[in-house]
Amino acid sequence: MNPPEKTTGELFSTQGPLAELIDGYVERYDQLLFADEALRAIKAGQVLLAEAGTGTGKTLAYLAAAVMCGKKVVISTATKTLQDQILERDIPLLRKALSIDISAVLLKGRENYLCLRRFGRYRKQTTLDIGGSAGDSLSHWAVTTETGDRAELTELPEAFDDWGRISATSESCIGQKCTSYDKCFLFKRRKLAQRARIVVVNHHLFFADLAVRAASGGEVLPRYSVVIFDEGHHLEAVSTQYFGTRISSHQFAELVRDAVALWGAPKHIPEPCAVSIDGLERSVQSFWASLTAPEGSRRLKGGLKGEPGKRLIHLEGAITQWLAAMGKAAPAHLDTDGLERRGRSLLADLGLFKEKTVPGEVRWFERRGRIALLTSVPVDVAETLSKLLFKPGLPVIITSATLRVGGDFSYLRSRLGVPEGAGELVAGGSFDYEHNCMVYVPEKFADPNSNEFPQAVADEIERIVGETRGRAFCLFTSYRVLNEAAARLKGRLPYTLLVQGDAPRNKLLDDFRNDTSSVLLGAQSFWEGVDVPGEALSAVIIDRLPFSSPGDPLVEARIEKITSEGHSAFAKYQLPVAAMALRQGFGRLIRRTDDRGIVAILDRRFLERSYGGYFKKSLPKAPITSDFSSIKRFLK
């Protein structure tokens with residue numbers, strides 16, 4: 001595809017093709033500025049940090065630059081919602097506006113695609129039950145789908161446990177040796193991505209590819225000439241996961257299950273293999289049972305010792321014995337390659353947790369419901385990204401509505417290893433926060449660490465929603481306070497009360513949008529990626545300043561590293577992280593130019609502590625009050 005003949009100025013002008021296609025089109029200076037700066041950075045092979053506020057039209061701006069540059073572009077996002085917007089709305093709009101074909105493909109991680117070979121084996125195994133409506137839906141879809149994408153299976157339960165047994169995992173893939181290779185959904189999708197000019201991925205797949213390239217020279221994504229990160233404030237958190245090691249009890253349980261399933265039924269397993277599988281299963285269970293953690297997670301400051309260390313050695317031996325038994329007993333027609341690779345990979349990962357930690361590494365153990373995990377990650381990814389991502393001549397654009405904290409990009413630069421010559425752009429957006437938004441901090445309020453705090457939060461929510469007539473989004477920094485406040489509010493509000501955990505996240509949001517006088521209480525996952533424009537939302541209520549727990553192993557290790565270098569960990573790390581999270585929560589309120597409402601921060605530290613000024617500089621300019629009557633006047 002050749003670049004279009006039109007310039008960005010022509011595309012975005014009130015006499016341009018976009019204006020002809022969009023009702024009520026308004027030319028936005030910041031949108032054109034972003035498109036021009038993005039195109040300039042791409043042509044110059046430079047890095048650009050671009051904060052573009054909600055309402056800027058940033059997605060169309062960088063897509064215009066991606067189309068006009070004439071190069072292969074990878075666009076990486078954090079959410080499926082944004083991917084859908086790019087592929088289903090924005091790129092089709094640009095196709096019409098520019099009268100050209102723009103080839104664009106969504107590429108997901110391989111575990112999202114059906115593996116035909118594994119599914120064939122799945123259906124033949126007599127020990128498995130795929131009956132009922134779920135089984136019927138799966139069987140029909142498997143022979144009719146053109147993409148093999150799990151997302152098409154809307155009738156299948158989201159928590160369908162057996163998906164891992166039929167998806168295209170790297171451990172089970174035998175590549176071109178597979179009899180279904182020509183029909184393989186994953187490889188067909190990768191071929192489309194090879195030919196496409198624009199490839200849309202999520203951050204997890206992008207950094208998985210970057211880690212594979214660094215480790216083995218292989219690749220998951222096709223080669224690209226430009227990368228654009230939207231929702232770029234997630235990059236440090238996601239990239240950290242892919243330059244470390246994580247093993248879970250679920251992986252080992254799956255290995256045992258598949259070791260049995262290889263033979264079709266337990267009665268078909270040769271005795272030496274059956275004995276080794278029994279030993280493997282016992283060793284898996286005893287190893288994970290030997291690891292304990294209080295609430296949340298427990299940091300590991302060295303190799304596993306004591307009982308966990310002994311159990312780890314037993315587990316290594318059990319895996320080795322099972323591999324040897326399988327190698328001797330399995331006939332040639334049984335495909336053992338995938339199982340063997342998984343076993344050896346888990347052996348290698350287990351070995352890491354016997355060794356001492358190395359400088360710059362942090363390890364921990366945690367339990368998430370029924371799953372236990374061991375994790376090892378780098379404390380800091382800046383040096384790694386500066387070498388692997390920010391290569392000379394590779395244009396990298398990082399954008400989000402929240403990249404700056406404290407008024408500048410210095411925190412982002414330091415955490416990601418952004419090169420000194422990177423450009424910076426602030427596109428403010430079109431929202432009038434000064435007139436359409438008010439920040440309210442109660443005049444007197446319980447200390448966030450006191451026992452009285454949950455009761456005070458519940459009382460203040462009740463008082464505020466009485467003025468907003470419901471229509472409030474309440475964001476909590478801890479599940480404990482959320483649950484205590486919810487318990488106190490149930491039965492006291494004349495509005496529908498929606499609480500995280502009572503229903504799936506998407507259902508809660510749909511109910512909140514549809515019931516325009518409801519009140520929603522949420523934590524963590526509700527702080528960002530939530531879009532509720534219009535009359536359903538008049539207040540965002542934040543219980544406290546969102547400082548990360550210093551007891552979190554990764555946070556603790558980062559604090560130690562910064563302190564050892566002679567800097568203030570609070571100023572260089574804890575405060576910027578909290579400010580960025582607060583910006584995300586604040587951003588839930590104003591989603592359209594005609595939106596209006598208040599943001600209530602139920603934490604007096606915002607006004608009384610010296611660092612309050614840093615938070616204020618990080619937020620959009622809106623009037624701040626502690627006078628409750630001011631809220632009444634503003635809302636009326």
Side-chain angles (χ1 to χ4, degrees), residues 47 49 76 78 203-204 206-215 227 229 231-247 296-303 349 352-353 355-366 373-392 394 396 398 400 402-406 408-422 424 546-581 614:
V47 177
L49 307 178
S76 181
H203 295 338
H204 289 272
F206 182 87
F207 286 106
D209 172 74
L210 202 64
V212 166
R213 290 172 190 262
V227 59
F229 293 106
E231 301 172 314
H233 57 284
H234 287 284
L235 295 188
E236 182 184 19
V238 177
S239 61
T240 297
Q241 299 176 37
Y242 287 91
F243 295 103
T245 300
R246 171 172 286 173
I247 55 176
S297 55
R298 176 168 62 90
R299 187 173 173 187
L300 305 172
K301 294 195 174 182
D349 290 342
L352 170 70
F353 292 95
E355 307 298 327
K356 293 180 180 178
T357 51
V358 299
E361 176 198 12
V362 58
R363 295 178 192 169
W364 67 89
F365 168 72
E366 63 184 309
L373 303 103
L374 281 169
T375 302
S376 166
V377 297
V379 176
D380 192 335
V381 292
E383 185 176 348
T384 299
L385 294 183
S386 69
K387 293 177 181 176
L388 301 181
L389 176 60
F390 300 111
K391 294 180 178 179
L394 175 66
V396 177
I398 302 175
S400 171
T402 53
L403 290 183
R404 296 179 303 152
V405 284
D408 60 45
F409 293 94
S410 58
Y411 172 74
L412 184 81
R413 285 176 169 273
S414 67
R415 300 307 303 173
L416 297 183
V418 177
E420 288 186 8
E424 296 179 355
F547 287 105
S548 301
S549 168
D552 177 274
L554 183 55
V555 173
E556 181 183 58
R558 286 174 172 168
I559 290 172
E560 290 173 358
K561 181 178 185 296
I562 294 168
T563 302
S564 71
E565 293 167 349
H567 303 295
S568 164
F570 182 78
K572 287 185 70 70
Y573 176 62
Q574 292 167 279
L575 186 57
V577 169
M580 190 168 285
Y614 187 89

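F409 has its side chain out of reach of V418: every pair of non-hydrogen atoms, C-beta onward, lies at least 4.5 Å apart. In this structure, the side chains of L385 and S239 come closer than 4.5 Å at one or more pairs of heavy atoms. Counting only heavy atoms from C-beta outward, the side chains of T357 and K301 never approach each other to under 4.5 Å. Using a 4.5 Å cut-off on side-chain heavy atoms (C-beta onward), T375 and L554 make no contact.
Here the CG atom belonging to L235 is positioned 7.0 Å from the OG atom belonging to S76, to the nearest 0.5 angstrom. The CG atom of D408 sits 11.0 Å away from the CG atom of L49 when rounded to the nearest 0.5 Å. From L416, atom CG reaches atom CG of D380 across 9.5 Å, with rounding to the nearest 0.5 Å. Taking OG of S568 as the start and CD1 of I559 as the end, the distance is 10.0 Å to the nearest 0.5 Å. Rounding to the nearest 0.5 Å gives a distance of 10.0 Å between CG of L412 and OG1 of T402. Rounding to the nearest 0.5 Å places NE2 of H233 at 12.5 Å from CD1 of I398.
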Original post:
Does the side chain to side chain contact (heavy atoms under 4.5 Å, CB included) test come out yes or no for L374 and W364, once each step is laid out?
Top reply: CA-CA 6 Å; L374 281 169; W364 67 89; over 6 Å; no
Subject >> Audit row: F353, F365, ring pair (Phe, Tyr, Trp, His ring centres under 6.0 Å) steps and yes/no >> reply: CA-CA 11 Å; F353 292 95; F365 168 72; over 10 Å; no
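Here R415 pairs with E236 under the salt bridge (charged side-chain N to carboxylate O under 4.0 Å, His left out) rule; sequence neighbours left out. Listed by chain and residue number, nothing satisfies the salt bridge (charged side-chain N to carboxylate O under 4.0 Å, His left out) test with K572 (two or more places apart in sequence, or in another chain). The side-chain hydrogen bond (donor to acceptor under 3.5 Å, both in side chains) search around Q574 returns none, not counting sequence neighbours. Residues passing the ring-ring contact (aromatic ring centres under 6.0 Å, His included) test with F390: none are found, sequence neighbours excluded. Residues satisfying the ring-ring contact (aromatic ring centres under 6.0 Å, His included) criterion with F229, sequence neighbours excluded, are H203, F206, F207. Under the rule for a salt bridge (charged side-chain N to carboxylate O under 4.0 Å, His left out), the partners of K387 that lie at least two apart in sequence or sit in another chain are E383. Residues satisfying the ring-ring contact (aromatic ring centres under 6.0 Å, His included) criterion with Y242, sequence neighbours excluded, are H204. In this structure E420 satisfies the side-chain hydrogen bond (donor to acceptor under 3.5 Å, both in side chains) test with no other residue, sequence neighbours excluded. With sequence neighbours left out, the ring-ring contact (aromatic ring centres under 6.0 Å, His included) criterion links H234 to no other residue. Listed by chain and residue number, nothing satisfies the salt bridge (charged side-chain N to carboxylate O under 4.0 Å, His left out) test with E355 (two or more places apart in sequence, or in another chain). Not counting sequence neighbours, the partners of S376 by the side-chain hydrogen bond (donor to acceptor under 3.5 Å, both in side chains) test are E361. Residues that satisfy the side-chain hydrogen bond (donor to acceptor under 3.5 Å, both in side chains) test with T240, not counting sequence neighbours, are R558.
Scanning both residues, A569 and I562, for their nearest heavy atoms gives CA-CG2, 3.7 Å. G417 and S386 get closest at one heavy-atom pair: O-CB, 3.5 Å. Residues V405 and P576 share a closest heavy-atom pair of CG1-O, 3.6 Å. For the residue pair V47 and P419, the shortest heavy atom distance occurs at CG2-CG, 3.9 Å. When all heavy atoms of R299 and A557 are compared, the pair lying nearest together is NH2-CB, 3.8 Å. Scanning both residues, P553 and V362, for their nearest heavy atoms gives O-CG2, 3.6 Å.
Looking only at distances, no side-chain donor or acceptor of T563 sits under 3.5 Å from a matching main-chain atom of E560.
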